[in-house]
2 protein chains.
Amino acid sequence: MLNLTEQPITAADKTFFQLRKDIVEGVVLAGSKLSETELSTKYSVSRAVIREAINRLATCHIVERKANVGARVVSLSPEGLVDLYQVRESLEGMAARLAAQNMTDAEIADLNTLLNVHSQDVKNHGSYYQEAGDVDFHYRIILGSKNNHLIAMLVNGIYHLVRMYRVQLGMSGPRVSTAFEEHKHIVQAICNRDGELAEMLMRRHILYSKNNIQRKLAPQLEA
Amino acid sequence: MLNLTEQPITAADKTFFQLRKDIVEGVVLAGSKLSETELSTKYSVSRAVIREAINRLATCHIVERKANVGARVVSLSPEGLVDLYQVRESLEGMAARLAAQNMTDAEIADLNTLLNVHSQDVKNHGSYYQEAGDVDFHYRIILGSKNNHLIAMLVNGIYHLVRMYRVQLGMSGPRVSTAFEEHKHIVQAICNRDGELAEMLMRRHILYSKNNIQRKLAPQLEA
DNA sequence: AAACATCAAATTGTCGACAATTACCGCTAT
DNA sequence: ATAGCGGTAATTGTCGACAATTTGATGTTT
């Protein structure tokens, strides 16, 4: 576990990655049932590897499994989003604090470089902040915490579910332009080795992000 | 998932619970290799259910699996303990805060009742605080948070690994007598619906607990 | 018409066998 | 003696078939 490069080794690995991708991107619909026989023909593997892939998806909280009944893709709800982002706020805030304490100077320099690249992207593409860039930013801070349990829980725990919410409920809009500025301030705090501030800024950043998605999830409440 | 009563349904359930118990209690040694064929004869089930049980143990961070190589029980180390308890402090602190906010009055009353029972136990058995009682206390607060992701991460995430550290590295000693007082103060804060204080007290409580275990884990550093 | 029992079809759970990969041991060469 | 190299034994990964359970429809009863 904790395969950061996500290099598939076995057939179960490949199927797991592919199925996860399909679910996160909405190719396999949220809330739909996952039939083992159906998937085994679709992905051309035996039911055993499908079962293993589904079990791994269950550990990511992306599918829910009931004994003798089967597995369903989770459905996205406002309550689920709140619960998820509460946990994320706590864990990633902690990651930022630990990162300020444990990242090497070289790693922090790399983080600054990444930020400069994004700055150019924002200028060139008109203040559009790439999803991949944002994920990369958060990944580095998570890894920078150097806490293996924390890393495992986030990277192969809840992070793909977070991505699922973001991909399927839109992360475009006016919000994305401000995210970059927030990232800058977080890195600044980490540079100063100010863990407390880094944690607070990260928590705010995630809170804003939650509010942004929440608006799209329940647009009827805006009126 | 999230079977709180832990009622085994399938053979894989039963094997998972049994194997987890054996590992947590040290019957299966920390750091040892888990041979699939060996376990399948030992527990009288096919390799398929053993594989599923091992996969579930991997999601609890109790075993680590490498492709084409096999699974090993994690080994207990001071670094692992620190990482684990950092995460636990953050998550259970959050649970206490949310519990103060979300538990019903009836649930809080039950929690007080539980505390009174423990108080009697302490008097009768000479200030010995039962492991089971402590676990029960923490369980109730975790469930009281009403955050399903948080509950899942703690209950079938890291909690059994926490128990493994505590069981195998001793939770007896002078520390246990003070734990009950700390529990009382946490419940008091929850009664007052003071989430901030409940979180802070819970974090302290877990920090003390970590220090206590850490002393036993590295006794050579005491001199 | 609604609720319940019964049975058939479909789905999940479990098993043993085979394939692929890794680990171990003895051998050779330097 | 040690490092590198087969080759064999053991272990994990994958598969298809069978058993157990659930689901849904059908028919019966109140």
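Sequence lines set the chain letters: A, B, ... in the order given, protein chains first and strands last, and positions in each chain run from 1.
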Review point. So, Asn148(B) versus His61(A): side-chain donor-acceptor pair below 3.5 Å or not?
Key: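 Note: Asn148(B) and His61(A) side chains miss the donor-acceptor criterion.
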Any [X] side-chain nitrogen or oxygen under 4.0 Å from OP1 or OP2 of [N]:
X: Arg72(A); N: dT11(C); answer: no
X: Ser46(B); N: dC15(C); answer: yes
X: Lys33(B); N: dT12(D); answer: yes

Nearest-angstrom distance from the residue atom [atom1] of [X] to [atom2] of [N]:
X: Leu39(B); N: dT14(C); atom1: CG; atom2: P; answer: 16 Å
X: Lys66(B); N: dT12(D); atom1: NZ; atom2: P; answer: 13 Å
X: Glu52(A); N: dT14(D); atom1: CD; atom2: P; answer: 7 Å
X: Arg56(B); N: dG13(C); atom1: CZ; atom2: P; answer: 9 Å
X: Asn68(A); N: dA19(D); atom1: CG; atom2: P; answer: 17 Å
X: Lys14(B); N: dT14(C); atom1: NZ; atom2: P; answer: 9 Å
X: Leu34(A); N: dT11(C); atom1: CG; atom2: P; answer: 13 Å
X: Glu64(B); N: dT12(D); atom1: CD; atom2: C1'; answer: 18 Å

Review point. Is the side chain of Asn147(A) donor-acceptor paired with the backbone N or O of Asp83(B) at a distance under 3.5 Å, no angle test?
Key: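 The answer is yes, because a donor-acceptor pair under 3.5 Å joins these two groups.
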Can you identify which nucleotide, out of [options], has its nearest atom closest to the [X] side chain?
X: Ser35(B); options: dT12(C), dC15(C), dT12(D); answer: dT12(D)
X: Glu36(A); options: dT14(C), dT11(D), dT12(C); answer: dT12(C)
X: Arg51(A); options: dT14(C), dT12(D), dT21(D); answer: dT14(C)
X: Arg47(A); options: dT12(D), dT21(D), dA17(D); answer: dA17(D)

Check your understanding: Taking the six-membered ring of Tyr85(A), is the NZ or CZ of Arg88(A) close enough (under 6.0 Å from the centre) and on axis enough (within 45°)?
Key ->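 Yes, cation above the ring, under 6.0 Å and within 45°.
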Check your understanding: With nearest nucleotides of DNA chain D determined for Ala67(A) and Ser44(A) from heavy-atom distances, which residue corresponds to the more 5′ nucleotide?
Key ->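 So the residue in question is Ser44(A).
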Review point. Can you tell me how far the CD atom of Glu92(A) sits from the CE atom of Met202(A), to the nearest 0.5 Å?
Key: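 One gets 5.0 Å once the value is rounded to the nearest 0.5 Å.
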Check your understanding: Roughly how far, to the nearest 0.5 Å, is OH of Tyr43(B) from OG1 of Thr15(B)?
Key ->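 Those atoms lie 8.5 Å apart.
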Check your understanding: Closer to the 5' end of DNA chain C via nearest nucleotide, is it Val69(B) or Val45(B)?
Key ->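 It is Val45(B), whose closest nucleotide lies nearer the 5' terminus.
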Which part of the nucleic acid does [X] contact within heavy-atom distance under 4.0 Å: base, sugar-phosphate only, or nothing?
X: Ile50(B); value: nothing
X: Ile54(A); value: nothing
X: Ala11(B); value: sugar-phosphate

